[in-house]
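Single-structure report; data block below.
Remember, it's 1-based here, ligands and their atoms both numbered in the order they're listed.
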Amino acid sequence: MKRFTKLADVADLAQLLDRAFECKRSPHAWRNLGAGRTLGMVFFNPSLRTRVSTHRAATLLGMDVVAMTVGSDSWALETRDGAIMDGSAAEHIREAAAVLGRYVDVLGVRSFARLHDRDEDYAETILERFVELSGVPVVSLESATRHPLQSLADVMTIEQFKRSSRPRVVLTWAPHPRALPQAVPNSFAEWTLAMGYELVIAHPPGYELDERFTRGATITHDQDAALDGADFVYAKNWSSYRDYGKILSHDQNWQITPEKMALTRDGFFMHCLPIRRNVIAADAVLDSPRSIVVEQAANRIPAAQAVLRTIVEAL
Ligand code: CP
């Protein structure tokens, strides 16, 4: 595998999932594979899970790791070509990406949507510059439009807990005080549809995702109807794709409560984390035995390990 930025970069999803479960069962089995190799990680945005789980996955493969937050650990980066660099950015992405490509064997990049210009975000400007300029395999640590490491861990978790071959999986919008990108729901839809699950997406009017990600899903504005018989409830906030980056609703009735979970088929509750308690979901949901958010986060390690293993084997 030469890059891991979207589902289409994965030649064989079933094989990658098998590898992820192998890594979960035997995390130390490939401890010499990455010896002498270095993973670099560049963060334009904060992270807890992605930073630590990917670091841990790399060290389980014997890799060295260097991680930096742009603008605090490193120089602030200019990303526009032709810019007159008389502002706060001391370095251009052209030199930074090329230099990092000489220092590391694999490069992870986290660069969220800025939510100002849909075309710019959906062109994945920053991620693609690192792919183009670094000359080494690039792993998305969440980009403007997708979060594939999260999605691989999500489908692992569904495979781990599912009680039928084609579970009913409900992705539901939930309220949030700040405008958030569409990367996680886009990616979740892309990967769960590829898995052949029954995917139902529930959201208030105006929150339709880009249909390139959701084609094949059932889409509804009726959250209760969506939750009826659900095996998995994946709550997530996102801002509007149509009115790009806008918050159109603060409706607290979309919060996941025990009453909402009672509509499901003894369903499991999932969220990528971090989660705002009693905004996205009630304490009683997160603290219930049906919440699998911590196991879901734990699966970020074998998911990242499977991806890095596949990339390192091809170096
Ligand atoms: N789910 C996830 O990517 O978490 P972090 O933002 O903490 O990395």
Side-chain angles (χ1 to χ4, degrees), residues 4-7 20 24 39-60 65-73 106-115 121 124 126-127 130 138-158 160-161 169 171-174 176-192 213 232-239 256 268-277 279-281 285-286 291-308:
F4 182 76
T5 61
K6 56 185 179 302
L7 180 64
K24 188 175 173 77
L39 170 70
M41 293 196 289
V42 176
F43 287 87
F44 286 82
N45 314 96
S47 171
L48 187 155
R49 278 144 293 274
T50 304
R51 186 163 182 155
V52 178
S53 64
T54 310
H55 189 133
R56 176 77 177 133
T59 56
L60 284 167
V65 181
V66 57
M68 68 186 71
T69 301
V70 174
S72 54
D73 299 333
V106 183
L107 191 58
V109 178
R110 166 165 282 203
S111 174
F112 288 175
R114 292 172 173 164
L115 297 179
D121 284 345
E124 294 286 11
I126 293 178
L127 183 71
F130 275 101
V138 168
V139 174
S140 168
L141 303 174
E142 186 172 342
S143 68
T145 66
R146 292 175 172 91
H147 195 356
L149 284 176
Q150 179 67 54
S151 301
L152 178 56
D154 293 342
V155 296
M156 272 188 82
T157 308
I158 293 171
Q160 188 180 332
F161 286 91
V169 177
L171 168 64
T172 178
W173 181 93
H176 194 279
R178 295 183 56 208
L180 298 184
Q182 296 109 26
V184 168
N186 282 345
S187 214
F188 185 77
E190 187 169 59
W191 285 66
T192 52
F213 296 94
F232 295 90
V233 178
Y234 197 106
K236 186 72 185 79
N237 174 269
W238 61 89
S239 59
I256 300 300
F268 292 103
F269 178 79
M270 299 178 71
H271 189 279
C272 60
L273 306 182
I275 188 166
R276 290 183 184 240
R277 282 175 169 255
V279 177
I280 296 275
V285 171
L286 281 160
S291 172
I292 52 175
V293 297
V294 173
E295 184 64 15
Q296 181 184 353
N299 282 337
R300 293 291 305 273
I301 296 176
Q305 197 180 351
V307 168
L308 291 172

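- Note on Glu190 versus Lys6: no salt bridge recorded, every NZ/NE/NH1/NH2 to OD/OE distance being 4.0 Å or above.
- Of the possible donor and acceptor atoms, none in the side chain of Thr69 sits under 3.5 Å from a partner among the backbone N and O of Ser72.
- Sorted by chain then number, the residues whose non-hydrogen atoms approach ligand 1 to under 4.0 Å are Ser47, Leu48, Arg49, Thr50, Arg110, His147, Gln150, Cys272, Leu273, Arg300.
- Between Phe44 and Phe130, the angle of the ring planes goes over 60°, which puts this pair in the perpendicular group of the 30/60° scheme.
- With rounding to the nearest 0.5 angstrom, the OG atom of Ser111 is 6.0 Å from the CG atom of Asn45.
- Legend: residues meeting side-chain hydrogen bond (donor to acceptor under 3.5 Å, both in side chains) with Ser151, ordered by chain and number and at least two apart, are Ser187.
- Judged purely by atom type and a 3.5 angstrom limit, Thr54 has no side-chain atom pairing as donor or acceptor with the backbone of Arg51.
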